[in-house]
> 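Have a look at this one before I ask anything.
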Amino acid sequence: MRRLGSVQRKMPCVFVTEVKAEPSAKREHQPFKVLATETLSEKALDADVYSAIATEKVDGTCCYVTNYKGQPYLWARLDRKPNKQADKRFKKFLHSKESSKEFLWNTEEDFKPVPECWIPAKEIEQQNGKPVPDENGHIPGWVPVEKNSKQYCWHSSVVNYEFGIALVLRHDPDKPGLLEISAVPLSELLEQTLELIGTNINGNPYGLGSKKYPLHFLIPHGAFQVRNVPALKHNDLLSWFEDCREGKIEGIVWHCGDGCLLKVHRHHLGLCWPLPDTYMNSKPVIINMNLNKYDCAFDSEGLFNRFSKLDKQKFDRLKDIILDV
């Protein structure tokens, strides 16, 4: 599995952005929009974005695979956020005339507690050995997903630690136009970030599963490369998102040679998301879930067992999969 950039922090837009005093289509109750201008950002030019690999931005929740308790584990995103008092000071500072100065955080006292097993995300700035909050006042980080976690039950449904495997959606290695759902060793995913998508994640923009038969899986970041990449111009991207079948996606992420990640979201261009019919759902998908090599029985109600009953079956679209087996 080819490894591209790891998503350890918020990705900036490939264009310089501007704020407009109009209700956001992306976030309810947000009274402003963040829109892309026609100017590429300095960061994009410095990272040689013209030579970058363009991939589909998938709409889910970010996850990470790294070791815990001596074995590869799935970790859920958990940002450390300021407590009420610190958040009030920070917002007051942002709206003050002194916002050109740097806000001083006390990382020991200004933030809400997190579980002892929490770790800060890689690549974030550190001072005196301690993580520095980002421009939103958050410290991005991760917590391990335990087997029977109630808080992260949909995360835990796509991993089996006994056998060290994860439920992954990616392209069939032999047929690029075909998607494949399979059990992948967590050891193959070490130090990668992935997107968890499905029935109970982010409003289910891909229309997967149902309340009775929820369906979730992981997609490695960078797994879906954009084949016919539009020119890096505002109008060309706008036309591509509006008129091309391949453009029926949430956005594009550019993986630059220096590891920098840049994005453009449909909302940056004033376009709607989610869509009634996405590009991901236009592709056929095959289930490769032969679990016979594992000695013990899987949970009869779990996703791995249900998918194993559909082994080698092919579906015209992702949203056609129903796990009523």
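As the structure is a computational prediction, the values presented were derived from the model and not from experiment. Side-chain atoms are counted along with the backbone in the values below, which use heavy atoms only and exclude waters and symmetry mates.
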> Is there a path of hydrophobic side-chain contacts, each under 4.5 Å between heavy atoms of I, L, V, M, F, W or Y residues, that connects Ile249 with Leu261?
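Cluster IDs for Ile249 and Leu261 differ.
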> Please lay out, stage by stage, how Glu42 and Leu45 fare under the test side chain to side chain contact (heavy atoms under 4.5 Å, CB included).
CA-CA 5 Å; Glu42 271 190 49; Leu45 295 172; 5.5 Å; no
> Test side-chain hydrogen bond (donor to acceptor under 3.5 Å, both in side chains) on His255 and Thr55; report intermediate values, then the result.
CA-CA 8 Å; His255 297 251; Thr55 67; 3.1 Å; yes
> Linking I/L/V/M/F/W/Y whenever their side-chain heavy atoms sit closer than 4.5 Å, directly or via other members, would Leu35 and Leu237 fall into one cluster?
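No, separate clusters.
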> Which atom names give the shortest non-hydrogen contact between Arg317 and Asn281, and what distance separates them?
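Answer, listing the atom of Arg317 first, then Asn281: CG-O, 3.0 Å.
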> Gln71 versus Ser187: any side-chain heavy-atom pair under 4.5 Å?
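Answer no - side chains too far apart.
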> Which label fits His267 and His265: parallel for a plane angle under 30°, tilted from 30 to 60°, or perpendicular past 60°?
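Ring orientation, 0 to 90° scale: parallel.
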> Return yes if some donor-acceptor pair links the side-chain N/O of Asn202 with the main-chain N/O of Gly60 below 3.5 Å, else return no.
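Yes; at least one donor-acceptor contact below 3.5 Å.
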> Taking side chain as C-beta onward, heavy atoms only, is Leu169 less than 4.5 Å from Leu318?
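Yes, close enough: below the 4.5 Å cut-off.
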> How long is the straight-line distance from CD of Glu195 back to SG of Cys63, given to the nearest 0.5 Å?
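Those atoms lie 7.5 Å apart.
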> Looking at every non-hydrogen atom in both residues, tell me the closest pair between Pro12 and Lys43 and how far apart they are.
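For Pro12 and Lys43, the tightest heavy-atom pair comes out as CG-CD, 4.1 Å.
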> Check the pair Thr39, His234 against side chain to side chain contact (heavy atoms under 4.5 Å, CB included), reporting the backbone distance first and the verdict last.
CA-CA 8 Å; Thr39 306; His234 190 283; over 6 Å; no
> Closest heavy-atom contact between Trp273 and Glu250?
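Reported closest heavy-atom pair: CZ3-N, 3.5 Å.
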> Under 4.5 Å between any side-chain heavy atoms of Leu194 and Val65, yes or no?
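Leu194 reaches Val65 side chain to side chain.
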> Could you state the interatomic distance from CD1 (Ile124) to CG (Asp134), rounded to the nearest 0.5 Å?
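Going from the CD1 atom of Ile124 to the CG atom of Asp134 covers 8.5 Å.
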> Applying side chain to side chain contact (heavy atoms under 4.5 Å, CB included), run through Val159 and Leu186 and close with a yes or a no.
CA-CA 8 Å; Val159 287; Leu186 281 163; 4.2 Å; yes
> Nearest 0.5 Å, please: how far is CZ in Phe93 from CD in Glu102?
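Result: 8.0 Å between the selected atoms.
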> For Phe304 and Leu291, which heavy atoms make the closest approach, and how far apart are they?
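That would be O-CD1, 3.5 Å.
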> So how far is it from Arg89 CZ to Phe103 CZ, rounded to the nearest 0.5 Å?
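Answer rounded to 0.5 Å: 4.0 Å.
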> Given the rule that I, L, V, M, F, W and Y join up when any side-chain heavy atoms are under 4.5 Å apart, are Phe315 and Val168 in one cluster?
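Both belong to a single hydrophobic cluster.
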> Begin from the C-alpha positions of Gln192 and His221 and carry the test side chain to side chain contact (heavy atoms under 4.5 Å, CB included) through to its verdict.
CA-CA 8 Å; Gln192 290 192 58; His221 286 140; over 6 Å; no
> Would you call Arg266-Glu242 a salt bridge at under 4.0 Å N-O?
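Here Arg266 does not pair with Glu242 in a salt bridge, since their nearest N and O are not under 4.0 Å apart.
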> Check the pair Asp311, Asn290 against side-chain hydrogen bond (donor to acceptor under 3.5 Å, both in side chains), reporting the backbone distance first and the verdict last.
CA-CA 6 Å; Asp311 186 40; Asn290 186 347; 4.6 Å; no
> Give a yes or no on whether a salt bridge exists between Glu108 and Lys130, defined as a side-chain N under 4.0 angstrom from a carboxylate O.
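Salt bridge flag = yes for Lys130 with Glu108.
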> May I ask you to decide if Asp324's main-chain N or O and Arg306's side chain share a donor-acceptor pair within less than 3.5 Å?
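No, the answer is negative, given that no donor and acceptor are paired below the 3.5 Å cut-off.
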> May I ask you to establish whether Lys248 and Phe241 are in a cation-pi arrangement, using a distance under 6.0 Å from NZ or CZ to the six-membered ring centre and at most 45° from the ring axis?
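No; the conditions do not both hold, so Lys248 does not lie above the ring face of Phe241.
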> Write down the atom of His216, the atom of Thr199, and the distance for their closest heavy-atom approach.
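His216 and Thr199 have their closest heavy atoms at NE2-N, 3.4 Å.
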> So with a 6.0 Å cut-off around NZ of Lys283, is the heavy-atom count from everything else above 12?
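Counting other residues, nucleotides and ligands, NZ of Lys283 exceeds 12 neighbours.
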> Treating Ile, Leu, Val, Met, Phe, Trp and Tyr as nodes and any side-chain heavy-atom pair under 4.5 angstrom as an edge, say whether Ile286 and Ile322 lie in one connected cluster.
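No, it is not one cluster - the side chains of Ile286 and Ile322 are not joined through contacts under 4.5 Å.
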> With sequence neighbours excluded, tell me which residues meet salt bridge (charged side-chain N to carboxylate O under 4.0 Å, His left out) with Lys81.
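Not a single residue meets the salt bridge (charged side-chain N to carboxylate O under 4.0 Å, His left out) criterion with Lys81.
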> Walk me through it: do Phe15 and His268 pass the test ring pair (Phe, Tyr, Trp, His ring centres under 6.0 Å)?
CA-CA 9 Å; Phe15 294 102; His268 284 135; 8.8 Å; no
> Do Ile197 and Phe217 have side chains that get closer than 4.5 Å, going by heavy atoms?
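Yes, close enough: below the 4.5 Å cut-off.
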> If hydrophobic clusters are built by linking Ile, Leu, Val, Met, Phe, Trp and Tyr wherever their side-chain heavy atoms come under 4.5 Å apart, do Val253 and Tyr50 end up in the same one?
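Each belongs to a different hydrophobic cluster.
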> Between the side chain of Ser149 and the main-chain N/O of Glu146, is any donor-acceptor distance below 3.5 Å?
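Checked: no pair found.
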> Drop me the distance from Asn204's CG to Asp59's CG, to the nearest 0.5 angstrom.
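Going from the CG atom of Asn204 to the CG atom of Asp59 covers 9.5 Å.
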> May I ask you to test the Lys122-Glu191 pair for a side-chain heavy-atom distance under 4.5 Å?
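Heavy-atom side-chain distance check passes, below 4.5 Å.
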> Given side-chain hydrogen bond (donor to acceptor under 3.5 Å, both in side chains), test Asp236 with Ser239 step by step and report yes or no.
CA-CA 5 Å; Asp236 289 343; Ser239 298; 5.6 Å; no
> I'd like to know if Asp277 and Arg245 make a salt bridge, using a cut-off of under 4.0 Å between side-chain N and carboxylate O.
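Counted as a salt bridge, because a side-chain N and a carboxylate O are separated by less than 4.0 Å.
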> Look only at the side chain of Thr37 and the backbone of Val16, and say whether a donor-acceptor pair between them is shorter than 3.5 Å.
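Checking the backbone N and O of Val16 against the side chain of Thr37, a donor-acceptor pair under 3.5 Å is found.
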> Kindly indicate whether the side chain of Ile181, heavy atoms from C-beta on, has any atom under 4.5 Å from the side chain of Val285.
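The answer is yes; the side chains approach within 4.5 Å.
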> Do Val226 and Glu246 touch side chain to side chain, with heavy atoms closer than 4.5 Å?
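They are in contact (side-chain heavy atoms under 4.5 Å apart), so the answer is yes.
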> Write down the atom of Leu262, the atom of Ala44, and the distance for their closest heavy-atom approach.
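It is CD1-CA, 3.6 Å.
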> With distance as the sole test, does Asp299 use its side chain to make a donor-acceptor pair with the main-chain N or O of Glu301 at under 3.5 Å?
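Checking the backbone N and O of Glu301 against the side chain of Asp299, a donor-acceptor pair under 3.5 Å is found.
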> Could you grab the distance from atom NE2 of His95 to atom CZ of Phe90, nearest 0.5 Å is fine?
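Here the interatomic distance stands at 10.5 Å.
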> If you draw a 6.0 Å radius around CD in Gln126, do more than 12 non-hydrogen atoms from other residues or ligands fall strictly inside?
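Counting other residues, nucleotides and ligands, CD of Gln126 exceeds 12 neighbours.
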> Give the C-alpha distance, both sets of side-chain angles, the deciding distance and a yes or no for ring pair (Phe, Tyr, Trp, His ring centres under 6.0 Å) between Phe224 and Tyr279.
CA-CA 11 Å; Phe224 299 151; Tyr279 182 57; 8.8 Å; no
> Could you point out which residue of Tyr68, Tyr64, Tyr152 forms a ring pair (Phe, Tyr, Trp, His ring centres under 6.0 Å) with Trp142?
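The passing option is Tyr64.
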> Answer yes or no: is there a side-chain heavy-atom contact under 4.5 Å between Leu310 and Met289?
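Leu310 does not reach Met289 side chain to side chain.
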> Please test Glu135 against Lys10 for salt bridge (Lys or Arg N to Asp or Glu O under 4.0 Å), starting from the C-alpha separation and ending with a verdict.
CA-CA 10 Å; Glu135 68 273 14; Lys10 190 175 175 67; over 6 Å; no
> I'd like to know whether Lys33 forms a salt bridge (Lys or Arg N to Asp or Glu O under 4.0 Å) with Glu18, so could you lay out the CA-CA distance, the side-chain angles of the two residues, the decisive distance to 0.1 Å, and finally the verdict.
CA-CA 8 Å; Lys33 288 180 179 178; Glu18 61 182 2; over 6 Å; no
> Judged by atom type as modelled, is there a donor-acceptor pair below 3.5 Å linking the side chain of Arg80 to the main-chain atoms of Pro140?
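No: the side chain of Arg80 does not pair with the backbone of Pro140.
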